[in-house]
Each structure stands twice: as C-alpha cells, then as structure tokens.
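Each chain gets a letter, A, B and so on, in the order its sequence line appears, and its residues count up from 1.
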Amino acid sequence: MAEPLYRLLYRSKVAILGTTEEVRAEVAAILAGARRHNAAAGLTGALLHEGATFTQVLEGELPALEEAYDRISADLRHTEFELMQFALVPERGFGGEALAFLAPAELDAAGLAAPGDAADAANGVLRRMAAILGRQQAAPG
Amino acid sequence: MQRFYTCLAEQHDPALLALAVVICAVGAHTSFVLLRAAQTAAARRWRWVALTALATGTGAWSTHFVAMLAFAPGLPADHGAGLTLASLALVVLVCGFAFQLALSGRGWREWAGGVLAGLGITAMHYAGMAGYHLVGVLLWEKRLLTLSIALGILLPMLAVWLALRQPRPLPRLLAAALLLLGICALHFLGMAALIILPEPGGAPLAAAASADWLAAAVAAASGILLLLSLAAAALSRRAHRRERQAEQKLRSLADAAVEGLLLCEEGRITGSNRSLQGLLGRADEWFTGQRLEALLPPGQTLPAALAAEGRAEAEFLAASGEIIPVELVTRPLLHHARSQQAVAVRDLRDRRRAEARIRFLAQHDPLTGLHNRAGFGLELERALALHGRSGQGFALLALDLDRFKWTNDTMGHQVGDALLVKVAARLRAAVHATDVVGRPGGDEFAVLQLDTSQPEAATALAQRCIELLSRPFIVQGQVLNIGASVGIALYPQDGTDIATLARNADLALYRAKSEGRGTHRFFEAEMDTRMQRRRMLEVELRSALALRQFHLEYQPLLGLDGDTVTGFEALIRWAHPERGLISPAEFIPLAEETGLIIPIGEWVLREACREAAGWQEPATIAVNLSPLQVHSPGIVEAVRGACAAAGLDPHRLELEVTETALLTDTDHSFGTLRALKALGVRISMDDFGTGYSSLSHLRRFPFDKIKIDRSFVADLGENADSAAIVGAVIVLGKSLGMLTTVEGVETAGQLAHVRARGCDQVQGFLVGRPMAADAARTLLARRQAA
Ligand SMILES: Cc1cc2nc3c(=O)[nH]c(=O)nc-3n(C[C@H](O)[C@H](O)[C@H](O)COP(=O)(O)O)c2cc1C
C-alpha cells in the first residue's frame, strides 16, 4: 500500500548577495545539499533558477516533504516566498531526480506572465518546468 | 671479639649452648604471637599481656640458665636459689608492665614499653649473675659490660616496636629474631665481660647438687614455655584464620557496596573496592600504595575533608581521561589496629546530569525548546549586567503571532502545538547565534538581540522575523497562514530595567498590532501616555456603571412613506465628572476588549426598553449589540428580560448588529440571531458596506432591515459609485424583503436622492440629532398631535 504522494510548488526571489559568480556558487551549494537530503528522504523534484527567481517543485510522501519544506521555508537565501501549490497527486511528475536543476539559456515570456487563477498559474508553471526539463534531457551536456 | 669468641667456643658446652639458643628463639617467637593476641584482644587484654610476659620472662630466664649450665669456666660454681627464682619473678613482672605500657598507645609508649622490657631482661640477667657463686673473684670488663647492657635494652626495644607495628607473620619473625639477638647479646657479651680470677684456697662447692636443682627448674620453665608456645601456635593459626575470614568478609562487603570505597593511611591508598575500580576503570593493584593525589586531575589539590573526617566534593580522574565529579565521605577507621580512613566515593554524574536537566526544564519551554519566561528573564538579566557595565546597547523584541488563536481554535491544539514548534524553528533561523529566542507563553515570543548597531539591527531582525513568519506553514498536511507583529524596546533609551523594557516592548507590539499587524514598531514615549490614559479609562469605566455616569440619547428615524418619526436609535453617553463627555468611539472598543460591554450593554437594553415602553405605539427603539454581546451566552435571556421588565412589546425593539459580530463563530452567531428573532425582536444589519459586506450573510439570515453606512451618503453628490451602491443595496433589500435605512443624511439633496431610490427610512442630522429622553418624548407627542 503506497503512501499518498504530495506535490509542493513555490516561487521565491533570490536573496543571495554577491557577484554572479558568488550567487552561482551558492546555488550550487544549495543544490548539492538539497540533492543529498532529498535522495535520503525519497523526494524528487526540480529547481528552476531564472534571473532573480527560484521556482521549485518537490514531490514525495507527506512527512518527508513537510520536513524539507520546514527547512526551505526557513531559509533566508530567498524571500517573497509564494506557495503556489500544495496538493495530493496521483503520481510523480518530476520523479526522475532528487532535484533536477533547470537553468534555461534565455528568458521566455511564458515564465513571466501567468494569467488565470491560482490553479491555472501553478499548472502553467509546472508544464513549463517539465518542458525545460525535457529539453535539457534531450540535449545532453 | 676475641674474648667473646673464646668465651663461647672454649668455655661453653656446645650442645647446651644450642639448647639455650633454641629456647630463646621459641620464647621470643611465642612472646610476639601472644603480644599480637593481646594487641587485638577486644576485652580482658591483661590476661594476654600476662601470658606474653610469662613467655618472654621464662624464655629469657631459661636461656640464661641453660647457657649458665653450658658454661664451664673450669671452676666449681653455684647459683643462689633465692636470687635465681627472684630474677624470674622480676623479669615476668617487668615485662608485664612493659607490654601493658607498649599496648596503651602509639609513639613513645611503644618505645618506652620496649625499653622497659629490655631493662627487665637485663636486670634478670645481672640479678642471676649476682646469685652466681664460684671459687674465685669475679671481675667485669667495663666496655663489654656496657655493650651487653646497651644491646640488651636496645634490641628488645626495637623488637617490640616492630612486632607492634608490623603484625604480619614475616616481620613478626624478624622481631623475634631481634629479641633473640638481644637476649643472646646481653648474655654472651655479659659472659665475655666476666673475668674470673681463681682463688687457690677456696673451698669446693657442692657443684653437682646446685646444677641438679637448677636443671630441674630450667626444665620446668622450659616446659611452661613449650606449653605456652604450643598454645600460642594454635592461637596464632586461629587468629590468622579469623583475620583472613574477617578480611574476606570485609572485602566482599566492600565489593558489594554500590558506592566506591577507599581505604587509606597517611595519604596513601591501602585498599579499594570493586565499585571504585569500575568507576575509575583501574585494577585493584593500581590503587594500593598510590598517593591520594593520584586520583585527582593534574593540578588539583585534595579537599581538606579527605584527610580527616567529613564530606567534600571533588573530581576524580578516570583511566579513560574522563573527569568524574564525586562526593567523598571520610570516616576514621581502626583497621589491623591501625587508624586509617575509610572514604566513601559517590559518583555524582547522575545527580549532576539530573540537576542540569532540571535547570534546563525550569528555564525552557518543553514544546519548542526555547527559553521560557523564567529562562528568558535570566538571559535578560545577564545581558543587562553585561551591557550595563560596558555601556553597550541591545534590543528586546516582543513578538506576537497574528491569527494563531483562530488556528488553534479551529484546527485543534495538536496542530497549534506543531505550528508553534515550526514558528520556533523559523525564529531560530531569523536570529544570529548571539541572540536569544524565548517563548514567554502562548503565542508570544521574544528575542533578545545583543547587537550594538541599533536601531538598524533590530529593524532588520524584526523584518526577517516578520518575513519568515508570513510564509505559509505546512502542518500535518495543511497549509496555514499566520503572521507576526513585533514591538521593539531598546536598551538603554527605552528602559534600564527588565520590567520597563518588557512593558515598553509590549506597548510597541500593541501599537504594531493595532496598526495593521504584520509590521513592527519601536517604542515611543507617547505610547506610554496613551496607554496610561487607556488604563485609567479602563479603571474608571469599571465604576462608571455603578456611579450612574452613563445616560442614553435618542436619535430619530424618519419613515419616508409618511414622513413621520417612526422611532429612535438609543445611543450611549458617558458623562465623566472631570473629563466631561467621553466619546463612545473611545470607550466602546475598550469596553469590548475588557468584557465590560456585557454589563454596560445590558444596562443600555433595559434603559432603552424602559424609556420606549412610555412611548406611543408603534414607535420603535433601536439598540446596538456589540460582537461580544452577540457571542455571550446570556444575550437572549437578557433581551427577553429587558422587554418583560419594561413591559415593552418585543416587536418594537430593533437590535442592530454589525458584520464583525458574524465573522467569528458564524454558525453560533446566526443561531443567537434566530433565537432573538423568535422572541419577536427585529434584527438589523448595521453599518452595511463598510466591513466585509458579504452577501452570504444576507442570504443566511432574514434580517428585517439593512442600514447603509453613512460614508456612502457623504459622497453621494461627487461619487457615482457610491450612488450606484446605495441604489443597488436598496434594490437588494427590496428583493430580499428587507427594509433599508440610510444613515448620515444631512442635506435635503441627499434626502431627495435616497427617497428617489426607494429607501424606506433615513437617519441623520437633517432628521434630528441625538437628543435627551424628554426631548424625544416631546418630539413623538408633537407627531401624534400633528
Ligand atoms: C531555493 C532553495 C531550494 C532548496 N531546496 C531544498 C531541497 O529541495 N531540499 C533540501 O533538503 N533543502 C533545500 N534547500 C536548502 C534548505 O533550505 C536548507 O538550507 C538545507 O536543507 C539545510 O541543510 P543542511 O542542514 O545540510 O545545511 C533549498 C534552499 C533554497 C534557498
């Protein structure tokens, strides 16, 4: 009997001070720690770092997800934290990696405007992240 | 030496000589076995002392006379019987005193006893010699004589001391040897010192006879000695066995003890038990012979109590390097007849841990692990002491969760508690390592910020806290949104003691909360004065009812279909004897907050009903119900009671409630309204359009009347939206079967406007200001007359 799966989606503003290089290094450090934690807790997801914005989707069973959320939501390296979705899902949509890192080469307009109500916005963001992930996997390196 | 050798080898019979030495050895050993028995005897020690003296005496005496029998100077000789026997008595008696003395205490008594025993033996020898007669002249060589006496005293003295001090079998043998040596030295040096000048014409003595009785006496004495010796041997074995048993018993007892035990003597360890060995992780052998200091960590000194008697706390160093806090209880102990100390060693680690735990529990909140009120107070005191001295500043932040109570009430305590734990974690993330976070109680938190760059640091911290707590929480799978307000007081400018700082931080917090929440405020002196006025008002408000300082005024309502005054709204007034009229806008919120609104509201109800009962029918009376009143359990009864007491038909009473009253505990509130309506009372929705204006409220309850807020009327002229809203509400009311009243009508233009829209009633200065009761009565009477 599988435990119910939950998905968490949030958006936040990067609050890391420093040069582009330093920010990149800090994000790499976050990523490394997050992957270690997530792998141990059976969580999967993706982190999109785009300009000054983080968008993260994280999926897994409730206690582990809640625990990870407790840490992420207490992190001062991002602000203007906006929880876009927290819901039961039938299956993982980002089950491939403990935390895939998405860094699109150019900003595309779809990332900025998300019209419609909250659920539509969340679904739009999720679709876009899945698309970027697919594109990255198709183009190795 | 030459003389001594000649004396031994040529003038003595070797067989008898050997016998003399054997007797002496037996006597010496027997003496010390018995002496040991005397030393350890618990009672009737003198008997053992007497036996010891007998053994020593007969041993020495027999040695002397057997040796004399072995002595063959080549001249006839004789021993005077009297002196011979007297010398035996002498040596036994003196030795008896000597041993009694030696056993009576340590130090000089032991030495003196030994000397006395030596003296007794020496005296016996020379008394015997005094009874020695032979044909010739006896001369003494002084040097050898002196040496004989000196050794005859010194060696026994040493022997006695050794026997008393070292009661084990081996040293005892050594002591016996010393005594043997002493007696032999005394005797044979004495004999060597003897120069016999033969006397040519001397009469021959009855040598044979003399030798016979002496031999018999010596045989008897030796027999006694032999018996004593056998007895002593048996005794010694028994004593030894007993000692071993006792020792074993003691050891198993000591090993069974939970506490560590140490035996020590003069600063050195002589024994340890298993507990202690286990505690320090060292073997039994390690302890024996160590100085007590070896137990301590390097550089520490022994507590004074350890040396004597008493109780002390110390630290011991275990083999592992761990430093173990211990309590030491020292007692003096007589062991092997030597005074030692027994030291009980109690491991204090558990107690220390328990103490630390108790201290932690007393100072921390078990739920979040943050400092509780007491612990936070201690931290504040420490900061005050530290910074008071250095003159540096710090900040005290008082933090209150918004909407926590609601969460706790609707989601349950478990969720509330889990939420508090998460709040604590976020606050820990918000502060720096030097800051202290506390939870004085409930949903109050506090942060002590030890940062000197104020107020910038406190501002940043407050913003961090507010930002972090405004992020949604996920608790047991549910998303919860709370928030926080922060009040800040700075040391030293906002207070130099804890009470003042805490109060001022709370005042600032109060301000932050009343100015919209989710924000922070620094303390300002003006808050204090306002708060003081508030507090004073509160005190006076409590007595205002009893002092009859309230009265009602009545504002007329105009019915638009017949342009007649259809009734009045009762408005409370507080005429303060010193401050004059106090605005309801000031004291009603205070009454609401303190709960005083309940008795005050009830008074208003009764007074208004009483007054209205005197009016001509069908004039109505409208009374405001505050949210707290709506929620209070006694409200239906209070309304029924007011009508009944006044004799007022409930149909003439209108109760006005605002939407705020319906926001919390909505189901219950509607239940109350239905019960009121069942009394026949009419219910109006007051101030409609200002608050939430939820249409669902209108749908859920059949209000009799909607009162449109005055703010819409005020800009009817300029604002098309306002006009549209007023019109729409009137239409809405009509379609729901509710009357509409427009408040705040001040101009004829406004009146014309709302009349055109189909409004039922108006209220405002144009119709009439609030007036005294008799004025209202007059107005009604005029209407009737008209
Ligand atoms: C944008 C962002 C995303 C993060 N994602 C995760 C994550 O998916 N899993 C995780 O364990 N930590 C994540 N973290 C890090 C946590 O906030 C936190 O710093 C970390 O779990 C603490 O781990 P540590 O105790 O090993 O340092 C994220 C942090 C940021 C700023």
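For A:Tyr69, the part lying near chain B is the side chain, with the backbone staying farther off; criterion is any non-hydrogen pair under 4.5 Å. For A:Glu80, the part sitting under 4.5 Å from any heavy atom of chain B is the backbone (N, CA, C, O) and nothing else. Contact of A:Leu88 with chain B is not made at all, since no heavy-atom distance falls under 4.5 Å.
Across every non-hydrogen atom of A:Ala74 and B:Ala429, the tightest pair is O-CB, 3.3 Å. When every heavy atom of B:Gly477 is checked against every heavy atom of A:Phe86, the shortest pair comes out as O-CE2, 3.2 Å. Minimum heavy-atom separation, B:Gln476 to A:Leu62: C-CD2, 4.2 Å.
Heavy atoms from other residues, nucleotides or ligands lying under 6.0 Å from CD of B:Gln414 number 12 at most.
The closest donor-acceptor contact from the side chain of B:Arg471 to the backbone of A:Ser73 lies under 3.5 Å.
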With a 3.5 Å cut-off and sequence neighbours excluded, list the donor-acceptor pairs that the side chains of residues 23-37 of chain A form with protein atoms.
unit_1: A:Arg24; atom_1: NH1; unit_2: A:Glu21; atom_2: OE2; d: 3.4
unit_1: A:Glu26; atom_1: OE2; unit_2: A:Arg77; atom_2: NH1; d: 2.8
unit_1: A:Arg35; atom_1: NE; unit_2: A:Leu99; atom_2: O; d: 2.7
unit_1: A:Arg35; atom_1: NH2; unit_2: A:Leu99; atom_2: O; d: 3.0

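Most heavy-atom pairs under 4.5 Å with chain A, from the set B:Ile474, B:Asn481, B:Leu468: that is B:Ile474.
Within residues 419-427 of chain B, the residues having any heavy atom closer than 4.5 Å to a heavy atom of chain A are B:Lys422, B:Arg426, listed by residue number.
Between B:Pro472 and A:Phe81 there is a side-chain heavy-atom pair separated by less than 4.5 Å.
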